[in-house]
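Step one of this worksheet: look at the structure below.
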Amino acid sequence: MSAFAFAFPAVLTTLVLLPVIWWLLRLTPPKPLVEVFPPFAILASIMKREETPAQSPWWLTLLRMLIAAAIIFAIADPVFNPRTNTLATTGPLVLVVDNSWASATDWQRRVDTASTLIDDAESRDVPISLVLTADRQHDAVPVDAATARNRLAAAEPRPLPADRSAAIASLSTALDGNAPGTIAFISDGMASGETDETVAALQALSPAEFRMIQGDGASAVAITAATNGADALSLTLTRLEGGAAQSLPLTAHDSRGRPIATGTADFAAGSTTTAGTITAPFELRNDFARVTIDGLANAGGTYLLDDGFRRRRVAFLSGEVVDASQPLLSPLHYINRALAPYADLLEPSVADLSVAIPELLEQNPSVLIMADIGRLPEDAQGEVRRWIEAGGMLIRFAGPRLAAAPADDPLVPVLLRKGERALGGALSWSEPQPLSAYPQNSPFFGMRAPDNILIKRQVLAEPTPDLAERTWASLADGTPLVTTGPLGSGRLVLFHISAETGWSNLPLSGDFVEMLRRTVQLSRGGGVSTSDGEQSPGLPPYRLMTANGTLAAATGEAKPLATGDGTRRIASFDNPPGLYGTEDGYVAHNLFPPGHEIRPLMVAEGTSVLREPLAGRETWSLKPHLFTLAALLLLADCAIVLFIGGAFAAAVRRTPARGATAALLLALFATALLALPSESRADDAKPGDEAILSRLDTTHLAYVVTGEGEVDRISERGLAGLTEFLTYRTTLEPGQPVGVDISKDELSLYPIIYWPVSATAAMPSSAAISRIDAYMRNGGTVLFDTRDQFVSLNDTATSPNTERLQAILANLDIPPLEPVPADHVLTKAFYLLANFPGRYAGSPLWIEAELDRAEDPTRPARAGDGVSPIMITGNDFAGAWAIDANGMALLPTVPPDEVQRDHAFRSGVNIMMYMLTGNYKADQVHVPALLERLGQ
């Protein structure tokens, strides 16, 4: 059989006309004469003899001969590898066609190949037996050519691997021992299972001729796994043969089929597996519904995704003061490290909870984590509650603030006892408790039994009938460690310990990471999910995949998908690839399970097999190429004729004028740009910047402007007196005192803000109180002065100023308070003081309470360098510090005593040194000097 032939060889006889064409092309039109005025040039050429070329240049004639030859050869239609009919006539033609997922991209070529063989069989009056290996039913009885064509026209590729053993069994039954003439196996090139005996089974039918026809295998590429990592989606791909290096483009689509992200997968030379990535933001990756290989429209090149694939978005807040220099003391540090590999984390940009919570909820998180937040602003609490009822999950961690919060908090799953329980302290008979085994109703069930985990402090739950049902983890003594409860469509989860190491060593263990991961996975990620990402067993088919990788309505042939055992299997007739479940929740069942690799179909050595390619590719014609060559040569001939005729020379002469026009337009454009007014530039300065910059040169003491003239005057003169005293007695030289409006002024410029509480002043708004709360969370301190000399804030006989202070503090998330202990840093920050008098001397100075180190010596230092975010007194500090322009005191002390005034100034100095140095004076290096000052 010749590898080259002409479809119409008689046309080649016209080649004898080429000499005639040569003679006709000898002449060429005379070159047009182009002259330039004036008349002298015309007169100079009058006497010239007109010359006409006798023949065209030889190279131009040769070019035109090549054009004619190319057209003649194209009409003759030269074909490479022409087909010949060599079917055996000793038996029926057996067509075994793989209509598996890999045949979808070149299915028409396979149909054309089978149609050609049917035509050959019809011309030799041979019956045809046709079987399709990916069909559920097989009818292999030999039929005539017309019936075979109808069956072939109705055939279509399936989104399944080929099941050749059932097809061959049906074929053997239909032949009933009669040997076929020619077996044509149109294969997808892939093996079925670990051992594929397809070729041997077909040879066992004793055909007179065995042809194996297959494509190049380029479309046999499948995605077998997808993992949603921290920054990108990772995919695992497998291909049929490890040939040359190959780069495949990947595209992720949303539920409506729109492409929203792209990536690549690169096969190394000789490799049959590789990993691909699609890098996209978290918001886009959560919208991925399927991933496809561009250019390979088949079920293997499409990977379906469900809700279990999506990463959760987690937002978190903390009630502790921010201290970036001591991250290990922050509860959010351990939560961040535990969830970073499994979720996308959101942090607030501001510390003001009334602003931070709406900002976080607008980003649609699946989970909100709050670490030791006892009381939320009223508006923020309502927003959080509505978000949970709509399906959100709130995870809370205990701490001193939550222990001191009201017992009627609606955002905790169980009723809590006020205060905390210490285990193993000096005043406790109990020892630190380990964890007990996790109950079956807990998502932690199945984790290894916890060991080496000890709980030293916890918040206790009040006993209720349903407490056991709400408990996910408990201590060895039966007290709950993790409790949960529903709220609307959402869920509340409470860890009865803090998220840092002060209450337990759980945050340092791997159990903490796994507990958080499992808890977060229970939340919604854009659909209905369960703890293990799967749905209940026996899910009905919802949407099934077609052979070209698209989703269609489920058919009656598919059966419910059993997912109870958690295993992943290759798609089958009963469970084709697709989505199983309902619109509210479904599981993606893909063609291949993770780790599957496709392998080529092997043929045993010594087997007599005639290999052929698919029709329509290896057999190809030169006709279009020859016509293209003739057209290109004709264009070249036209260009040459135009050049000889001087057309390009005229265009060159017009170029300078066009260049001058372009230069003129460019100059006009530049002039317009230079003429733009300088005032059109944007001014980036913002209002208030000058005032802020003027206060950054030095430290300023600040006081809250109450709106009452006399109160604000005493505050301003009091801080002016303290500023003068600091300048005279210390190396600190503060600037002039500043009055601040807490509703709009920038508060972070000042280390401490003096707030004279007045019952007759206007009550601050909730937004202003939230700004004060954020200021304290960021490390600032507010000194509240009720100026009423009451000993205790809890006294039954409270003054109006104290009642106003209680109303303000009710909207602030403040820690537990205590009077300044005798060994506190405040008593020795600069002066050695036993009390902190002002204009009065009867009220103690209240600060944040600290745990007794003798009770818990392992407790780490407090975050924020030990500085209390709040101080409360009733001694009227500003009244004792206030001076006039001559430096004289404005108000007398009660009782009149200048020593008391001096001690009031010293109290102010200690407060300022404490604010600026923190717990520095608590270091042991200062003990000898302090003992010497005390005379010990």
Side-chain angles (χ1 to χ4, degrees), residues 1-10 77-99 103 106-133 135 138-156 164 167-189 198-215 603 607-621:
M1 182 175 62
S2 174
F4 181 81
F6 288 92
F8 306 100
D77 192 10
V79 178
F80 281 91
N81 295 328
R83 288 187 61 261
T84 56
N85 186 354
T86 59
L87 290 181
T89 58
T90 57
L93 168 65
V94 175
L95 286 176
V96 181
V97 181
D98 281 343
N99 60 331
S103 65
D106 57 357
W107 175 247
Q108 189 57 47
R109 291 181 57 209
R110 297 173 184 273
V111 171
D112 294 342
T113 302
S115 297
T116 303
L117 293 173
I118 292 175
D119 292 342
D120 293 344
E122 184 180 26
S123 64
R124 297 197 172 207
D125 198 19
V126 173
I128 302 103
S129 176
L130 174 63
V131 290
L132 302 167
T133 59
D135 283 357
H138 303 284
D139 183 6
V141 176
V143 294
D144 57 23
T147 304
R149 286 194 188 93
N150 292 335
R151 291 179 53 191
L152 182 62
E156 60 182 3
R164 303 188 184 106
I168 295 175
S170 176
L171 182 62
S172 178
T173 302
L175 293 177
D176 194 19
N178 297 321
T182 297
I183 293 181
F185 179 25
I186 304 178
S187 171
D188 59 13
T198 301
V199 176
L202 292 175
Q203 288 280 19
L205 298 177
S206 303
E209 181 186 32
F210 185 19
R211 297 184 184 181
M212 190 168 180
I213 306 171
Q214 67 184 59
V603 178
T607 303
S608 177
V609 177
L610 178 61
R611 294 184 177 271
E612 296 181 8
L614 293 174
R617 178 161 182 156
E618 295 300 331
T619 300
W620 56 282
S621 172

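All residue numbers refer to positions in the sequence shown, counting from 1. Only this structure's heavy atoms are used, side chains among them; waters, hydrogens and symmetry mates stay out.
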Side chain to side chain contact (heavy atoms under 4.5 Å, CB included) assessment of Ile128 paired with Leu95:
CA-CA 7 Å; Ile128 302 103; Leu95 286 176; 4.0 Å; yes
Locate the shortest heavy-atom distance separating [X] from [Y]; write the atom from each residue and the value.
X      : Y      : result
Val131 : Ala140 : CG1-CB, 3.5 Å
Pro207 : Leu202 : CD-O, 3.7 Å
Ala148 : Ile118 : CB-CD1, 3.9 Å
Arg124 : Thr89  : CD-CG2, 3.8 Å
Ala121 : Leu87  : N-CD1, 3.4 Å
Arg211 : Leu117 : NH1-CD2, 3.6 Å

Query - Qualifying salt bridge (charged side-chain N to carboxylate O under 4.0 Å, His left out) pairs, either residue in residues 89-99, two or more places apart - result: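 Pairs touching residues 89-99 that pass the test: Asp98-Arg164.
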According to side chain to side chain donor-acceptor pair (under 3.5 Å), who are the partners of [X], at least two apart in sequence or on a separate chain?
X      : value
Gln214 : none
Asp106 : Arg110
Thr147 : Asp144

Please examine the side chains of Phe185 and Val97, heavy atoms only from C-beta on, and report whether any two atoms are closer than 4.5 Å.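 SC-SC contact between Val97 and Phe185 ruled out.
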[atom1]/[X] to [atom2]/[Y] distance, rounded to the nearest 0.5 angstrom?
X      : Y      : atom1 : atom2 : result
Arg109 : Ser115 : CZ    : OG    : 13.5 Å
Asp135 : Asn99  : CG    : CG    : 5.0 Å
Asp188 : Thr133 : CG    : OG1   : 6.5 Å

Apply the test side chain to side chain contact (heavy atoms under 4.5 Å, CB included) to residues Thr182 and Phe210: give CA-CA distance (whole Å), side-chain angles for both, the deciding distance (0.1 Å), then the verdict. CA-CA 6 Å; Thr182 297; Phe210 185 19; over 6 Å; no
So, using side-chain contact (heavy atoms from CB on, under 4.5 Å) as the criterion, who are the partners of [X] when residues are at least two apart?
X      : answer
Ala208 : Ala88, Thr90
Asp139 : Val141, Arg151
Ala155 : Trp107, Leu132

Listed pairs under 3.5 Å, donor-acceptor, residues 170-180 side chains, sequence neighbours left out:
| residue | atom | partner | partner atom | Å |
| --- | --- | --- | --- | --- |
| Thr173 | OG1 | Ala169 | O | 3.0 |
| Asn178 | ND2 | Leu175 | O | 3.1 |

